Enquirer: 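The following block contains the structure, expressed as structure tokens.
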Amino acid sequence: MNEERKVALVAGANGVIGKNLIEHLETLPGWRVIGLSRRGGPGQIAVDLLDADDTRAKLGNLDDVTHVFYAAYVDKPTWAELVPPNLAMLTNLVDAIEPAAPGLRHISLMQGYKVYGAHLGPFKTPAREDDAGHMPPEFNVDQQQFLEKRQAGKTWTWSAIRPSVVGGTALGNPMNLALAIAVYASISKELGLPLRFPGKPGTYDSLLEMTDAGLLAKATLWATGSENEAFNIANGDLFRWNDLWPRIARYFDLEVAPPLPMSLDVVMADKEELWTSIAAKYGLEVPYGVVSSSWAFADFVFGWDYDMFADGSKARRAGFHEYAETPAMFFRLFDEFRKAKVIP
């Protein structure tokens, strides 16, 4: 096989992470990209990774794949319920690709700080890749253990990428914090209200970090040169909402009022009619059902009344030195939402 020929298979092609990874790979010479998603799309294969037969049927002839980038995810209401489907999707993909693609070199697994128990409550910060594990269930851990066992004795390698909250522009997925903030601010403005921080008491003052989707794409590709390693990847700066929130309000020409804990998933449940009128007024092109997909995730993030950050020095020591400024990332994303007529 020609060593320069690289074929990327990206699972989760329509998500915040997968979409930006594909866009990055398509700018690079020597790569051919195949996207996978449940609903499909241009240049994508529509496949149900939960269905082993469908996965084998759709992917079993992809004999030239060299790199698998796994960023697929299915949501469930409890931590325990997340494990079986998310482990099954990865297992089904590897079961289909490994025997079909003799030139497979690397499998990249997208994870997150749940590996450290960050979703359960206050945890050790900064979190390090070699921190002790925690009581299951946790699907990210199960996925990594699957890859570790599967890779034994094989020529391909794996990497596990652990970003913080990812900032990107992909629509219609359940984990886009920037979009949730932009829509919340736009609705507040239309109602003549100040921009109140809706999180738990304590969240406003806690330390947090973000991961720019473009930065994450570069890091994910860089990590394919590693052999069976995990890396924390974040922008490189820390922030508190008490400093960033007023700056976000200024971006939208809004005043700031004291924080008021509330569930966006609850208070935004009746806003479709209002959004329809906003869309008509400003010529917006995205319906409420699409822009309202991340309220529950925003509630989750705004519920972190404890520090949420990791130690990113392992990646730097290994050779990845790129950074992103978090406030600038948010404002760029808001600009892109406006340009795409997602928000006024």
Side-chain angles (χ1 to χ4, degrees), residues 12 15-17 70-90 109-148 160-167 173-178 180-181 197-211 216 229-235 238-242 259 261-266 293-315 326:
V16 173
I17 294 171
Y70 187 87
Y73 171 78
V74 61
D75 201 18
K76 294 292 178 181
T78 69
W79 303 127
E81 288 175 279
L82 281 169
V83 175
N86 283 287
L87 180 58
M89 289 194 301
L90 176 62
L109 174 65
M110 193 59 59
Q111 295 184 317
Y113 294 176
K114 291 185 181 70
V115 169
Y116 306 121
H119 57 305
L120 301 175
F123 65 107
K124 169 187 165 290
T125 54
R128 293 175 58 96
E129 293 87 348
D130 57 0
D131 283 350
H134 62 86
M135 184 67 68
E138 213 312 277
F139 74 90
N140 289 280
V141 173
D142 286 23
Q143 288 176 328
Q144 182 174 328
Q145 290 174 345
F146 163 75
L147 284 183
E148 289 172 348
I161 309 302
R162 298 172 182 173
S164 184
V165 180
V166 178
N173 69 85
M175 294 190 290
N176 193 326
L177 181 66
I181 292 173
F197 182 75
K200 284 184 180 179
T203 304
Y204 205 51
D205 302 317
S206 297
L207 277 172
L208 180 66
E209 64 186 351
M210 294 277 295
T211 304
L216 180 60
E229 296 282 353
F231 295 100
N232 296 326
I233 301 295
N235 287 351
L238 299 177
F239 70 95
R240 302 182 199 272
W241 288 116
N242 61 20
M262 56 180 151
S263 166
L264 294 179
D265 201 31
V266 172
S293 61
S294 298
W295 296 133
F297 180 66
D299 286 342
F300 180 53
V301 174
F302 292 147
W304 295 336
D305 54 355
Y306 47 89
D307 291 348
M308 175 71 68
F309 64 97
D311 180 349
S313 64
K314 179 181 177 182
T326 297

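Everything quoted here is computed from the prediction, not taken from an experiment.
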Enquirer: Considering non-hydrogen atoms only, spot the tightest contact between Ala298 and Leu264 and give its length.
Expert: CB-CD1, 4.1 Å
Enquirer: Begin from the C-alpha positions of Phe146 and Leu90 and carry the test side chain to side chain contact (heavy atoms under 4.5 Å, CB included) through to its verdict.
Expert: CA-CA 9 Å; Phe146 163 75; Leu90 176 62; 3.8 Å; yes
Enquirer: Work out which heavy atom in Arg128 is nearest to a heavy atom in Asp311; give both atom names and the distance.
Expert: NH1-OD2, 2.9 Å
Enquirer: First locate atom CD of Gln145, then atom CG of Leu147, and finally report the distance between them rounded to the nearest 0.5 Å.
Expert: 10.5 Å
Enquirer: Going through the checks in order, is the side chain to side chain donor-acceptor pair (under 3.5 Å) test met by Thr326 and Asn235?
Expert: CA-CA 7 Å; Thr326 297; Asn235 287 351; 3.0 Å; yes
Enquirer: What closest approach, in Å, do Pro261 and Pro201 show between heavy atoms, and which atom pair accounts for it?
Expert: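 Taking every non-hydrogen atom into account, CG-CD, 3.7 Å.
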Enquirer: Looking only at non-hydrogen atoms, find the nearest pair between Asn86 and Leu82 and report the distance.
Expert: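 Shortest heavy-atom separation between Asn86 and Leu82 comes out as ND2-O, 2.8 Å.
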Enquirer: Mind checking the CG-CG spacing from Leu238 to Asp307? Nearest 0.5 Å is all I need.
Expert: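 So the gap between those two atoms works out to 8.5 Å.
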Enquirer: Verify side chain to side chain donor-acceptor pair (under 3.5 Å) between Gln111 and Tyr70, making sure each step is shown before the conclusion.
Expert: CA-CA 9 Å; Gln111 295 184 317; Tyr70 187 87; over 6 Å; no
Enquirer: Could you check Val115 against His134 for side chain to side chain contact (heavy atoms under 4.5 Å, CB included), going step by step and ending with a plain yes or no?
Expert: CA-CA 8 Å; Val115 169; His134 62 86; 5.9 Å; no
Enquirer: Can you name the side-chain hydrogen bond (donor to acceptor under 3.5 Å, both in side chains) partners of Ser263, sequence neighbours left out?
Expert: Asp299
Enquirer: Could you label the plane-to-plane angle of the Phe300 and Trp79 rings as parallel, tilted or perpendicular, counting under 30° as parallel and over 60° as perpendicular?
Expert: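 Geometry flag for Trp79 against Phe300: tilted rings.
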Enquirer: For the side chain of His119 and the backbone of Glu138, is there at least one donor-acceptor N/O pair under 3.5 Å apart?
Expert: no
Enquirer: Just checking Lys200: does its NZ atom have more than 12 heavy atoms from other residues, nucleotides or ligands closer to it than 6.0 angstrom?
Expert: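 Result for NZ/Lys200: open.
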Enquirer: Taking the side chain as every heavy atom from C-beta outward, state whether Met308 and Thr125 have any atom pair closer than 4.5 Å.
Expert: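 When only atoms from C-beta onward are counted, Thr125 and Met308 do not touch, as no gap falls below 4.5 Å.
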Enquirer: How far does CG of Leu87 sit from CZ of Phe139, to the nearest 0.5 angstrom?
Expert: 10.5 Å
Enquirer: Roughly how far, to the nearest 0.5 Å, is the CD1 atom of Ile161 from the CE atom of Met110?
Expert: 6.0 Å
Enquirer: I'd like to know if Asp205 and Arg240 make a salt bridge, using a cut-off of under 4.0 Å between side-chain N and carboxylate O.
Expert: no
Enquirer: Under 3.5 Å, is there a donor-acceptor pair between the side chain of Glu209 and the main chain of Ala310?
Expert: yes
Enquirer: Does Ser164 use its side chain to pair, donor to acceptor, with the backbone of Ala234 at less than 3.5 Å?
Expert: no
Enquirer: Please confirm whether the backbone N or O of Lys314 pairs with a side-chain atom of Asn232, one donor and one acceptor, at under 3.5 Å?
Expert: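 Such a contact is absent between Asn232 side chain and Lys314 backbone.
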Enquirer: Measure the OG1-CZ distance between Thr211 and Arg162 for me, rounded to the nearest 0.5 Å.
Expert: 13.0 Å
Enquirer: Using 30° and 60° as the class boundaries, would you call the ring planes of Trp241 and Phe302 parallel, tilted or perpendicular?
Expert: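 Aromatic pair Trp241/Phe302 classed perpendicular.
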Enquirer: Just verifying a value: how many Å separate Asp305 CG and Thr203 OG1, rounded to the nearest 0.5 Å?
Expert: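 That separation rounds to 4.5 Å.
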Enquirer: State which residues pass side chain to side chain contact (heavy atoms under 4.5 Å, CB included) with Met175; sequence neighbours excluded, sorted by chain then number.
Expert: Tyr73, Asn173, Phe297
Enquirer: Looking at Phe123 versus Tyr116, is the centre-to-centre ring distance below 6.0 Å?
Expert: no
Enquirer: Could you pull out the closest heavy-atom pair between Glu81 and Pro85, with the gap in Å?
Expert: O-CD, 3.1 Å
Enquirer: Please examine the side chains of Trp304 and Val165, heavy atoms only from C-beta on, and report whether any two atoms are closer than 4.5 Å.
Expert: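 In contact.
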Enquirer: For Lys76, does the NZ atom have more than 12 heavy-atom neighbours from other residues, nucleotides or ligands under 6.0 Å away?
Expert: no
